[in-house]
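A quick note: this is a predicted structure, and the numbers were derived from the prediction, not measured. Side chains are part of it too, since the values below use all heavy atoms of this structure and drop only hydrogens, waters and symmetry mates. Labels below follow one simple rule: chain letters A, B, ... track the order of the sequence lines, proteins then strands, and each chain is numbered from 1.
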Number of protein chains: 2
Amino acid sequence: MRTRQQAAEAAEPAGAAARPGLRERKKQRTRDALLHAALELFTTQGYEQTTVDEIAAAVDVSQRTFFRYFANKEETTFAVQDMVESHFVAAVRERPAHEAPLDALRRALLDSWDTLGEVIEEVIPVELHMRTYQLIESTPTLLAAHLRRSSELEEEVARVIAEREGLDVDTDPRPRVVVAAFSGVMRLTGRLWGAGEDTSIESMRRVTESYLDQIGPALAEDWNRRCRGPERDGSGVHAL
Amino acid sequence: MRTRQQAAEAAEPAGAAARPGLRERKKQRTRDALLHAALELFTTQGYEQTTVDEIAAAVDVSQRTFFRYFANKEETTFAVQDMVESHFVAAVRERPAHEAPLDALRRALLDSWDTLGEVIEEVIPVELHMRTYQLIESTPTLLAAHLRRSSELEEEVARVIAEREGLDVDTDPRPRVVVAAFSGVMRLTGRLWGAGEDTSIESMRRVTESYLDQIGPALAEDWNRRCRGPERDGSGVHAL
DNA sequence: CGAGATTATGACAGTCACTGACAGTTGACA
DNA sequence: TGTCAACTGTCAGTGACTGTCATAATCTCG
């Protein structure tokens, strides 16, 4: 029930790009319907409280069919997250090589958020995705899954960073270390944002920026004294 | 089948400290037996491949009884991990107030590992615990659970750090940020150690130290320039 | 257009983690 | 020794998955 298959159906005769057959379109429609129904049910009545049977029933397919589209309940929750993540990785890849790694990560993140809305809207309403994110943060099972996925993303990003800098991830620890530190802070902001009231992307951006700014000062020797020294403050951000 | 209840039973008449009744001892014995059997089965045939029925059968109790001792399969896997973590938190609490936060965390970690063996050995053989840790790292479900638990630990540690520094976690982002960065790197080392060959605590210590040493350089502006400062070399543990 | 090859789907059976309810045992304690 | 409370086993039930097989819907090609 979203833009994708509508556009696809409409553009079928015209566009030279893609014109999937009826079968494909039907499948896509079923998948979208399942996804939409699942997220809607999860966010309204809770993840654990929603059974797969319910989701299947809402779309009027058998339970077995649900499992043909999604390996498990969890997977539906992260379908959109997947897109968001590749969007971010792509943004990292596009950063000019001269930027310092931490800086590149930061900018890539903020950049990718500029166009986040459109990416999400391709599949589901942004607002539903935001609710889903909060659901993830507040549901132990989902949070666990999310963290594991994040650690995989970390590895991928570390490789991208290593490539940028012409290093070997297995030889030089720095790519993984920056990414680990960066990700640690990102997860932190994700948690805080999820716990807060304001569910806008704008709010998330503000929280993130201010926390990233704290990496330098936080790692500094002495918190009481004003931080000195250049390398101490990775990327020279002292704010707050 | 370990030291705890043996000691308890033996010391029963003498020690003024504790002399649990028969009932208590029996319970403890059952729990230990279940824990031991579970870990042994998990590490030999795999977590997913081991059913709760098998574990219960190995100890000759009903499945229902297993679930009276452990809320779920997962929980058995983290029983020892729990102790290790509180041991670490305790170590952080004991660090002198004048140490810089990141430094205190690092020292607490290494300190706590000095006595890690004894702590673990109270419940199960260290070697079994090491195998368990590798199992966690290599089993998606368990890894996810582990990461979630770690994030809870993070929050706890952040509060300890905040207290040390006389700050409010909800006002000053720095406690959470250091801990986030630190934890990010720790998780990284955990992963690398788990993937490696050497399963000794010593090896883990080496990997950890060298990676922690890289936080500063990794966050620095420019990786191409030689980073100054001692923390550069990281004791040459670059392999895999 | 129609027959046969593909492929999605439904119906059914089965496993496994987990939970609630109830009854039978067993250690605790007067 | 007998009563009470805590443990435990048995049984039944739910919900997430998985394998299998028959059916029905597309697709392909003559």
**Request:** Using the side chain to side chain contact (heavy atoms under 4.5 Å, CB included) rule, take Asp114(B) and Arg205(B) through it: C-alpha gap first, then chi angles, then the decisive distance, then the call.
**Result:** CA-CA 10 Å; Asp114(B) 283 338; Arg205(B) 177 191 297 276; 2.7 Å; yes

**Complete:** What residues 66-82 of chain B contributes to the DNA chain C interface at heavy-atom separation below 4.0 Å is Phe67(B), Arg68(B), Ala71(B), Asn72(B), Lys73(B)

**Request:** Nearest 0.5 Å please: distance from the CZ atom of Arg31(A) over to the OG1 atom of Thr65(A).
**Result:** 14.0 Å

**Asked** Which class fits the ring pair Phe78(B) and His146(B): parallel under 30°, tilted 30 to 60°, perpendicular over 60°?
**Response** parallel

**Message:** For a quick test of reading the model, state the closest non-hydrogen atom pair linking Gly194(B) to Gln134(B) and the distance between them.
**Reply:** O-NE2, 3.3 Å

**Message:** If I take atom CD from residue Gln45(B) and atom CG from residue Leu41(B), how far apart are they, to the nearest 0.5 angstrom?
**Reply:** 5.0 Å

**Request:** Could you tell me whether Arg176(B) and Asp170(B) have a side-chain N and a carboxylate O separated by less than 4.0 Å?
**Result:** yes

**Fill in**
For nucleotides 24-30 of chain D, 5' to 3', base contacts (B), sugar-phosphate-only contacts (S) and non-contacts (-) with protein non-hydrogen atoms under 4.0 Å give -BBS---

**Complete:** All heavy atoms of Pro175(A) vs all of Ala158(A), minimum pair found to be CB-O, 3.7 Å

**Prompt:** Parallel, tilted or perpendicular: which describes the rings of Phe182(B) and Phe88(B), with under 30° parallel and over 60° perpendicular?
**Reply:** parallel

**Message:** Regarding Arg106(B) and Glu209(B), does a basic nitrogen lie under 4.0 Å from an acidic carboxylate oxygen?
**Reply:** yes

**Item:** Value in whole Å for how far the C1' atom of dC7(D) lies from CZ of Arg31(B)
**Value:** 16 Å

**Request:** Nearest 0.5 Å please: distance from the NE2 atom of His129(B) over to the CG atom of Leu135(B).
**Result:** 11.0 Å

**Asked** When you look at Glu154(B) and Arg187(B), which way does the salt bridge (Lys or Arg N to Asp or Glu O under 4.0 Å) test go after all the steps?
**Response** CA-CA 11 Å; Glu154(B) 244 178 79; Arg187(B) 215 161 325 106; 3.5 Å; yes

**Prompt:** Mapping Arg64(A) and Thr50(A) to their closest nucleotides on DNA chain D, which lands nearer the 5' end?
**Reply:** Thr50(A)

**Prompt:** Between the side chains of Asp53(A) and Thr51(A), is a donor N or O closer than 3.5 angstrom to an acceptor N or O?
**Reply:** no

**Asked** Which parts of residues 51-62 of chain A get close to DNA chain D, meaning a heavy atom less than 4.0 angstrom away?
**Response** Thr51(A), Val52(A)

Strictly under 3.5 Å: I want the nitrogen or oxygen pairs between protein and nucleotides 12-14 of chain D, one per line.
none

**Spacing of Gln28(A) atom CD relative to dA8(C) atom P, expressed in whole Å** = 13 Å

**Prompt:** Looking at residues 38-47 of chain B, who's got a heavy atom less than 4.0 Å off DNA chain D?
**Reply:** none

**Asked** Does any N or O in the side chain of Trp113(B) come within less than 3.5 Å of the main-chain N or O of Ala108(B), such that one atom is a donor and the other an acceptor?
**Response** no

**Request:** Would you please say whether a donor-acceptor pair under 3.5 Å links the side chains of Glu48(B) and Thr141(B)?
**Result:** yes

**Message:** Whether Arg149(A) and Glu152(A) form a salt bridge (side-chain N of Lys/Arg under 4.0 Å from carboxylate O of Asp/Glu) is what I want to check.
**Reply:** no

**Straight-line distance of Leu142(A) CG to Tyr133(A) OH, nearest 0.5 Å** = 12.0 Å

**Request:** Evaluate the side-chain proximity of Met186(A) to Tyr211(A): yes if any heavy-atom separation is below 4.5 Å, no if none is.
**Result:** no

**Request:** May I ask you to decide whether Arg159(B) forms a salt bridge with Glu156(B), counting only side-chain N to carboxylate O separations under 4.0 Å?
**Result:** no

**Asked** Lys27(B) has an atom NZ; how far is it from atom P of dA28(C), in whole Å?
**Response** 11 Å

**Fill in**
Within residues 134-152 of chain B, the residues having a heavy atom closer than 4.0 Å to DNA chain D are none

